[in-house]
Amino acid sequence: MGASESTPEPSPTPKPEIPSPEFDEAWRETPWDKKEHLEKNLRELKLSDSNVKHIRILLAGAVGAGKSSFINSVNSAFQGRITTEALADSVSGTTFTKTYRTYSIRNGQSVLPFVFNDIMGLEPGDSHGVDQEDIAKCLEGLLKEGYNFNPTNSAKNDDCRSETSAEDLTYCLVYVIAGDKISLMNQEVFKKMKYIREKASSLEIPQAIIMTKVDDACPLVQKNLRKIYTSKKIKEKMQQCSNSVGVPMCHIFPVKNYHEEIDTKNDMDVLILRALTGIVQIADDLLNRRKRDSEKW
């Protein structure tokens with residue numbers, strides 16, 4: 001009887017390959033080392049229509065998404081210190097903004113040629129959050145400064161302007177969406193956003209998205225903000241925003257608002273200023289179109 005052949009050892013089962021959380025290269029260029037250049041361009045901005053003092057940007061979004069914090073973050077980036085002009089709240093869980101106010105961005109003692117309007121947050125249900133018709137009135141520049149929002153009743157005639165100027169009109173509607181909450185947002189809130197989007201589109205008002213809380217949405221970005229455009233998770237969240245609201249990816253800007261910091265930081269400022277640049281540019285495009293249309297007549 002011949003020697004028995006040894007039984008070969010089974011090959012080890014290959015371990016499943018863990019997909020990388022990063023792209024090999026950043027899919028959107030970011031001028032990390034050119035904060036001063038971004039700031040200078042915004043400080044020296046000349047609007048397409050010299051007869052218009054400022055372009056108005058309206059912020060809308062769910063409760064706690066960071067609308068007021070974004071306004072403060074923009075001001076902080078320009079002032080070089082943490083500012084809190086727009087009151088923000090991260091504790092109550094209900095909308096904190098109750099009054100229609102205009103916020104200017106300061107450039108030393110002067111102001112820059114764009115302003116923000118912060119409104120009551122969007123909430124599910126007909127009797128909660130900002131009334132959709134009030135947002136429609138904001139888009140048309142009809143609401144008076146200091147109007148107090150009422151979830152159950154839209155603004156009456158006394159709360160509205162009888163005449164509007166070019167500065168009263170909205171030139172860009174910006175949805176503020178928390179990146180870590182996009183998949184959990186109530187469908188009723190998206191339904192309200194859709195109504196607002198249709199109204200804005202009928203007025204030919206361009207729209208953009210500020211996606212906040214990117215550090216909470218992705219551990220990679222939490223460790224290093226410069227990973228924001230190599231992070232697959234952030235791109236996935238941006239795509240969810242685009243699919244849910246209907247805004248193209250090129251008009252979606254992920255940022256980290258100032259929240260716990262006591263000093264400004266270069267990388268946070270760069271993302272904020274880059275987002276602001278994109279928003280102001282598309283707002284000025286509308287101003288330019290309106291100017292050309294008026295000249296035809």
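Within the 4.5 Å cutoff, the side chain of H54 has no heavy atoms near those of the F114 side chain. Two residues are said to be in side-chain contact when any heavy atoms from C-beta on lie closer than 4.5 Å; T277 and L38 meet this criterion. No side-chain heavy atom of I105 sits under 4.5 Å from any side-chain heavy atom of L276. Residues M249 and K235 are in side-chain contact: their nearest non-hydrogen atoms beyond the backbone lie under 4.5 Å apart. Under the 4.5 Å side-chain criterion, counting only non-hydrogen atoms from C-beta, V247 is not in contact with S242. For the pair V174 and F253, the minimum side-chain heavy-atom distance is 4.5 Å or more. For the pair K233 and L220, the minimum side-chain heavy-atom distance is 4.5 Å or more. Side-chain contact check for L45 versus L112: every heavy-atom pair is 4.5 Å or farther apart.
For residues 154-171, the pairs satisfying salt bridge (charged side-chain N to carboxylate O under 4.0 Å, His left out) are R161-D168, with sequence neighbours left out. Residue pairs meeting the salt bridge (charged side-chain N to carboxylate O under 4.0 Å, His left out) criterion with at least one member in residues 45-66: none, sequence neighbours excluded. Screening residues 173-188 for side-chain hydrogen bond (donor to acceptor under 3.5 Å, both in side chains) gives Y175-Q207 as the qualifying pairs, with residues at least two apart or on separate chains. Under the side-chain hydrogen bond (donor to acceptor under 3.5 Å, both in side chains) criterion, no residue pair touches residues 135-144, with sequence neighbours excluded.
Interatomic distance, I252 CD1 to I234 CD1, rounded to the nearest 0.5 Å: 12.0 Å. Rounded to the nearest 0.5 angstrom, L143 CG and T99 OG1 are separated by 11.5 Å. Remark: S110 OG to R43 CZ distance equals 8.5 Å, nearest 0.5 Å. Separating the CD1 atom in I210 from the OG atom in S73 is a distance of 10.0 Å, to the nearest 0.5 Å. Between L203 atom CG and L139 atom CG the span is 6.0 Å, to the nearest 0.5 Å. Separating the NZ atom in K194 from the OG atom in S201 is a distance of 11.5 Å, to the nearest 0.5 Å.
One hydrophobic cluster, built from ILVMFWY side chains closer than 4.5 Å, holds both L58 and L287. V111 and F70 are members of different hydrophobic clusters when ILVMFWY side chains are connected at heavy-atom separations under 4.5 Å.
Results of the side chain to side chain contact (heavy atoms under 4.5 Å, CB included) test with Y258 over T84, T264, N72, D263 single out T264 as the only residue that passes.
At distances below 3.5 Å, at least one donor-acceptor pair connects side-chain atoms of K192 with backbone N or O atoms of E123.
With no hydrogens or angles considered, a side-chain donor-acceptor pair links N117 and Y100 at under 3.5 Å. Side-chain contact check for N243 and Q239: at least one donor-acceptor pair (N or O, by modelled atom type) lies under 3.5 Å. Checking D118 against S68 by side-chain atom types alone, a donor-acceptor pair falls below 3.5 Å.
K256 meets the side chain to side chain donor-acceptor pair (under 3.5 Å) test with E261; sequence neighbours excluded. Evaluation of the salt bridge (charged side-chain N to carboxylate O under 4.0 Å, His left out) rule for E22 yields K227 as partners, not counting sequence neighbours. Taking the ring-ring contact (aromatic ring centres under 6.0 Å, His included) definition, one finds that Y147 meets it with F149, sequence neighbours left out. Legend: residues meeting salt bridge (charged side-chain N to carboxylate O under 4.0 Å, His left out) with K40, ordered by chain and number and at least two apart, are E44. By the ring-ring contact (aromatic ring centres under 6.0 Å, His included) test, Y229 pairs with W27, sequence neighbours left out. When the side chain to side chain donor-acceptor pair (under 3.5 Å) test is applied to T83, the partners found at least two apart in sequence or on another chain are S76. For S48, the side chain to side chain donor-acceptor pair (under 3.5 Å) partners at least two apart in sequence or on another chain are D284. Partners of D267 according to the salt bridge (charged side-chain N to carboxylate O under 4.0 Å, His left out) rule, which considers only residues two or more places apart in sequence or in another chain, are R226.
Shown here is K232, whose NZ atom has more than 12 heavy atoms of other residues, nucleotides or ligands within 6.0 Å. Enclosure of atom CG in L184 by more than 12 non-hydrogen atoms of other residues, nucleotides or ligands within 6.0 angstrom is indicated.
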Exercise for the section: Using the side chain to side chain contact (heavy atoms under 4.5 Å, CB included) rule, take V255 and T212 through it: C-alpha gap first, then chi angles, then the decisive distance, then the call. Expected result: CA-CA 5 Å; V255 302; T212 62; 4.2 Å; yes

Exercise for the section: Determine, step by step, whether I196 and L122 satisfy the side chain to side chain contact (heavy atoms under 4.5 Å, CB included) criterion, reporting the C-alpha distance in whole Å, the side-chain angles of both residues, the deciding distance to 0.1 Å, and the verdict. Expected result: CA-CA 11 Å; I196 301 164; L122 295 169; 4.0 Å; yes

Exercise for the section: Determine, stepwise, if the pair F116 / R101 fulfils side chain to side chain contact (heavy atoms under 4.5 Å, CB included). Expected result: CA-CA 8 Å; F116 289 97; R101 295 196 187 284; over 6 Å; no

Exercise for the section: Let me see the working for D134 and I119 under side chain to side chain contact (heavy atoms under 4.5 Å, CB included), right down to the final yes or no. Expected result: CA-CA 9 Å; D134 279 350; I119 60 173; over 6 Å; no

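Remark: R290 qualifies as a cation-pi partner of Y171 under the 6.0 Å distance and 45° angle criteria applied to the six-membered ring.
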